[in-house]
2 protein chains.
Amino acid sequence: MATIYDVAKRANVSAMTVSRVINNGSSIKESTRLRVEKAIKELDYIPNRSAQSLISKDTKLLSLLITDVANPFFTSIARGAEDKAHEKGYQLVFSNSDENIEKETSYIRSAVSRGIDGMLLTPSGDFSIQNINILTKYKIPFVLVDRSLKGIESDIVHGDNSDGTKKLMDHLFENGHRTIGFVTGPSSISNVRERGDAYKQFIKDNKLPFNEKWTFQTDLARMQTLSYINLLLEASKEDRPTAILCSNNFLAADLVNNMNKMGLHVPDDISVVCFDDPHAIQMPNSFFTVVNQPAYKFGYTGMEMLIDRIEGKSGKEHKEIVYDTELIIRQSTKKIN
Amino acid sequence: MATIYDVAKRANVSAMTVSRVINNGSSIKESTRLRVEKAIKELDYIPNRSAQSLISKDTKLLSLLITDVANPFFTSIARGAEDKAHEKGYQLVFSNSDENIEKETSYIRSAVSRGIDGMLLTPSGDFSIQNINILTKYKIPFVLVDRSLKGIESDIVHGDNSDGTKKLMDHLFENGHRTIGFVTGPSSISNVRERGDAYKQFIKDNKLPFNEKWTFQTDLARMQTLSYINLLLEASKEDRPTAILCSNNFLAADLVNNMNKMGLHVPDDISVVCFDDPHAIQMPNSFFTVVNQPAYKFGYTGMEMLIDRIEGKSGKEHKEIVYDTELIIRQSTKKIN
DNA sequence: CTGTTAGCGCCTTCAG
DNA sequence: CTGAAGGCGCTAACAG
């Protein structure tokens, strides 16, 4: 709890000199610098950032707002973001919005209140625009990750949703699947829309049978895949999809967990594919055939863009970085006749 | 960027009155409160926490220092911790120490500098005591998670390492395994030691064959399991272990990934078990037989203890919470003759 | 190379 | 119920 004055007194200098030593500012006589450093060490003095921030208007605090760290996709983003932030001397406040707009609002408000220098976020949906407006009003730089916002111009990092979807559909198609179901999230989320559009496009382009019935939309936070499975179970084998495309990993895990409970086997009865690996680390015997996005890079590069913008190193135009996806074929899909 | 004075001016009151409204302090005439609230809204005024902290000495900022969020065990801890923090109106700064003492020191120093109200941490090892001393000196409450520190009295949450190890060993024993290898981390980590002790104890109690050779110790951040696998490969089938106990999930994943590359099959050639699930979420077709610890609860309860202590709701004595572990039998182990 | 003065935005204390 | 003065810990701006 020593203050700069305690150090000053002990080193027989003014507080200003101590301040200069701390921030290795302008020239200081070697002998006094040594004396000050000694006093700092002896008193275990650590500068008070709140006081510094009050003057400098910056905090070296960044906010990372994602929907759920427990989702390995976001876990990797968080890790990447923290790595870059640490490299650049920033700390990260992290929060989980759980796809909930009110939670998002409250987090953003308290982040602003904290005087964060910038924010890296995955908006919960298009309504998030009202939250983004708070950032804009307070002139707080932000970078979007994984999801864009209709009508909002900003720096953004995301994956190629259309191409990724196509890769998944191609894989299924090549393996003989024609009736392909789709389990997805709310259409207020940009990537959900993009994946959905690409799914429909593929069906159209390849003249596949289409039945609205096999498209199931649910909340990303409270998934209700059971009702979909019941639908599957009620249908005859000829009518029902032989494969299902899931918008994300959590949906896929939930779906397959439930299918197992209900006696539907993957991939023997139905193949399942999804976006994003459900594991944060490489696992032996992984199950899902997925299209993987470089989540770590999303976080790392997103954070880099953010810091560049904060430090005035980016131009006026906004940057968009789109990463390629990678198809990884594993055990959740199988070739049919 | 409106300040309390801007609001005051607009509402025709003094700054003090605005302050009272913000902190719903002592009685204020309804009409003036309304006027102030209107002004606040009109100006989009958000109080400056740095300024508040300078006076109040608290920040409602907590620090979560773990070794690596990407490890699902810590991911769950982080989620639990954030949930409780949010419930109680605190925000979380999170950092990854990567089992690195210097990184840990620097994170702790900057957390102190930020004026965090408390810290929830997994120390990287017994040397972390020097870092803990910084917290103690600055009277910052902290709670240890998963790892204790020799000679440090503090609140702590962890799993029952001895019993967990015993469950794993029992399972292997019941499945006919007698020569059981051990892949582990540095002994400066309390839970590594405890698991190692329990492993040796089990061998002793059951008069199993023991060969120092089959115990392999490596760095938890940069695992070197390949050399161990070479050892396995060089040995005759009669000599080498039929099962391996790994101190943690990452070690096990790395080991098995490498074994696969080198042509050793799990569980056909060798069974493998470990502490902690390698998945943050329930997965269909999970591979590892593990003893699972309630990581989410570690974070949630640990955070609760921390906040209780910060808010003066815990007694003088330190609390230790020990959670039971749960054996989950899956595909990485198999019965032998 | 070093010190003095003033003030960042807010709240505590004390008046009224 | 409301306001004025002062200061939290630090640094910018200006001396010297």
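Numbered from 1 within each chain, the chains take letters A, B, ... in sequence-line order.
For D:dC10, neither phosphate oxygen OP1 nor OP2 lies less than 4.0 angstrom from any side-chain nitrogen or oxygen of A:Ser53.
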*asked:* Using a 4.0 Å heavy-atom cut-off to protein, can you give one letter per nucleotide of nucleotides 9-16 of chain C, 5' to 3': B if the base is in contact, S if only the sugar-phosphate is, - if neither?
replied: BBSB----
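The distance from atom OH of B:Tyr138 to atom P of D:dG9 is 12 Å, rounded to the nearest whole Å. Taking atom CG on B:Leu34 and atom C1' on D:dC1, their separation rounds to 16 Å, with Å as the unit. One can place CG of A:Asp58 at 17 Å from P of C:dC8, the figure rounded to the nearest angstrom. The interatomic distance linking A:Ile40 (CD1) with D:dG9 (P) rounds to 16 Å, in whole Å.
Side chains of A:Asn96 and B:Arg79: a donor-acceptor N/O pair is present below 3.5 angstrom, by distance only. Side chain to side chain, A:Tyr296 and A:Asp83 meet the donor-acceptor criterion of an N or O pair below 3.5 Å.
The aromatic rings of B:Tyr323 and B:Phe298 lie parallel to each other, with less than 30° between the two planes, well short of the 60° mark.
The backbone N or O of A:Thr3 lies less than 3.5 Å from a partner atom in the side chain of A:Asp6, making a donor-acceptor pair.
Partners of B:Glu82 under the side chain to side chain donor-acceptor pair (under 3.5 Å) rule, at least two apart in sequence or in another chain, are A:Tyr107.
For B:Lys41 and B:Glu37, the salt-bridge test fails: no basic side-chain N is under 4.0 Å from an acidic carboxylate O.
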